[in-house]
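No hydrogens, no waters, no symmetry mates; every other heavy atom, side chains included, goes into these values.
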Amino acid sequence: MKLLATILTALSICFVLRMEAVAMEPADPAASAKNETVDFKNDLIPRLTKLGCNAGKCHGSAVGRGDFKLSLYGGTPEADYDQIVRRVGGRRINLKDAQSSLLYLKAAEFVEHGGGTLIDDEDENAQALIKWIQQGAKYTEHRQLKHVKVNPERFIATKIGDETSLKVIAHFNDGLTRDVTDLTQFIAEDSSAITIDSSLATAKVVRPGRHIVIARYSTEVIPIEIVVPIAETVVDLSSEPADNYVDKNILSALAELRLPVSPLIDDLTFVRRITLDLTGRLPEYKNENHSVRLNREAVIDSLLASEEFVDFYSLKLAKL
């Protein structure tokens, strides 16, 4: 009996120690995130961006639209929260009946909306918006965004019609990583070259060349490079001179596109191009004998030292 009692006591102690150890184990951030309130900054604002609500042609313009102004692409979420919750006497949010909120009624176009129907009453965007209002429409930021990784960063297609899936992972300061592909806005810089399917998060090549797709999540903007060769025949550029990193990068890009190096331009063409580039104007005509090889470095130095260069680049920088 004493032996049995000793064994039972030992088992009880082990059980208590195990329960204490479990209680002390850090919570899984991914699991706890599922039960959190809707994150206004990291979840709701990116949805508004993907839907185009805070774009420059809509409520993100300098003066807003329809007496409703949002920061461009959600750059100032605190100001957006003030506009959504507190402005116009708080009429945009109805805490007692979330689906009667003007913000929801406009986006779903139950009330006339210049931007058309943006959400369906059963899609994830609508559900997140309604859930946020039901939870009290609070300004929440559970964690801070550290950086975003996009896959692929570069996609080299083999032919027209090739397609790639796009995936975006957000990394936060508490160690949580989250797939935010469905909250990311993808925009092709040239829509005639790349077709984006937002519902499937895919990019399809419809024209050869080097193209850029912009992935935008929260305040992060990531370029995705998509390349499809222009020619079918591979070119050998190994014998071409590469005196600096600019040459090396250009040769690498030409090799991917399967394009040969352009021939060296003549002196008159060089003078015309470099004068336009550095001064914004055509060179003065001089009736000179051009049989002697032009000193191109001297021409560049002369233009860089000119008042025309200063005026032209002062104008460029002022515009920027």
- Task: Would you check if L166 and V150 make a side-chain contact, meaning some heavy-atom pair closer than 4.5 Å?
- Result: no
- Counterpart residues, side-chain contact (heavy atoms from CB on, under 4.5 Å), relative to L276 (two or more places apart): R272, L282
- Do E256 and R154 come within less than 4.5 Å of each other through their side chains, counting heavy atoms only? yes
- By side-chain contact (heavy atoms from CB on, under 4.5 Å) - contacts of P208 (at least two apart): I160, V228, I230
- Should R92 and F68 count as side-chain neighbours, where that means a heavy-atom distance under 4.5 Å? yes
- Task: Would you confirm whether K167, through its side chain, and D179, through its main-chain N or O, come within 3.5 Å as a donor-acceptor pair?
- Result: no
- Task: Give the cluster check for L183 versus L44: same hydrophobic cluster or not, with ILVMFWY residues linked at side-chain heavy-atom distances below 4.5 Å.
- Result: no
- Message: Quick one, L48 and I84 - any side-chain contact, counting heavy atoms below 4.5 Å?
- Response: yes
- Message: If we ignore hydrogens and angles and just use 3.5 Å, is the side chain of K204 paired with the main-chain N or O of D162 as donor and acceptor?
- Response: no
- Quick check: are there more than 12 heavy atoms from other residues, nucleotides or ligands sitting under 6.0 Å from CD of E163? yes
- Task: Determine, stepwise, if the pair T49 / R216 fulfils side-chain contact (heavy atoms from CB on, under 4.5 Å).
- Result: CA-CA 8 Å; T49 300; R216 186 189 301 276; 3.6 Å; yes
- Message: For C58 versus R65, what's the shortest heavy-atom pair and its separation?
- Response: O-CB, 4.0 Å
- Item | Pairs meeting criterion ring pair (Phe, Tyr, Trp, His ring centres under 6.0 Å) with involvement of residues 179-235, two or more places apart | none
- Message: Tell me whether K316 forms a cation-pi arrangement with Y313, defined as NZ or CZ under 6.0 Å from the six-membered ring centre and within 45 degrees of its axis.
- Response: yes
- Query: Are I194 and I224 connected in the hydrophobic side-chain network, where two residues link if heavy atoms are under 4.5 Å apart?
  - Reply: yes
- Expected output: side-chain S306 to main-chain F309 donor-acceptor under 3.5 Å: yes
- Message: If you define the side chain from C-beta out and look only at heavy atoms, does anything of P229 sit under 4.5 Å from L257?
- Response: no
- Message: By the ring pair (Phe, Tyr, Trp, His ring centres under 6.0 Å) test, which pairs, at least two apart or in different chains, include something from residues 132-154?
- Response: F40-W132, F40-Y139, Y81-Y139, H147-H171
- Task: Please check if the side chain of Q135 supplies one atom and the backbone of V38 the other of a donor-acceptor pair under 3.5 Å.
- Result: yes
- Message: Using a strict threshold of under 4.0 Å (side-chain N to carboxylate O), is an ion pair present between R281 and D311?
- Response: no
- Message: Does atom CZ (R296) have a neighbourhood of more than 12 heavy atoms from anything else shown, all under 6.0 Å?
- Response: yes
- Query: Is L294 reachable from L304 through a run of hydrophobic residues whose side-chain heavy atoms are each under 4.5 Å from the next?
  - Reply: yes
- Message: Check whether D80 reaches the backbone of S71 with its side chain - one donor and one acceptor, N or O, closer than 3.5 Å.
- Response: yes
- Query: Are V213 and V206 connected, step by step, through hydrophobic side chains (Ile, Leu, Val, Met, Phe, Trp, Tyr) whose heavy atoms are closer than 4.5 Å?
  - Reply: no
- Note on the structure: Residues at least two apart in sequence or cross-chain that pass side-chain hydrogen bond (donor to acceptor under 3.5 Å, both in side chains) with D190, listed by chain then number, are S192, R207
- Note on the structure: Residues joined to L72 in its hydrophobic cluster, side chain to side chain under 4.5 Å directly or through other members, sorted by chain and number, are Y73
- Task: Count the heavy atoms of every other residue, nucleotide or ligand shown that sit under 6.0 Å from CG of D67, and state whether that count exceeds 12.
- Result: no
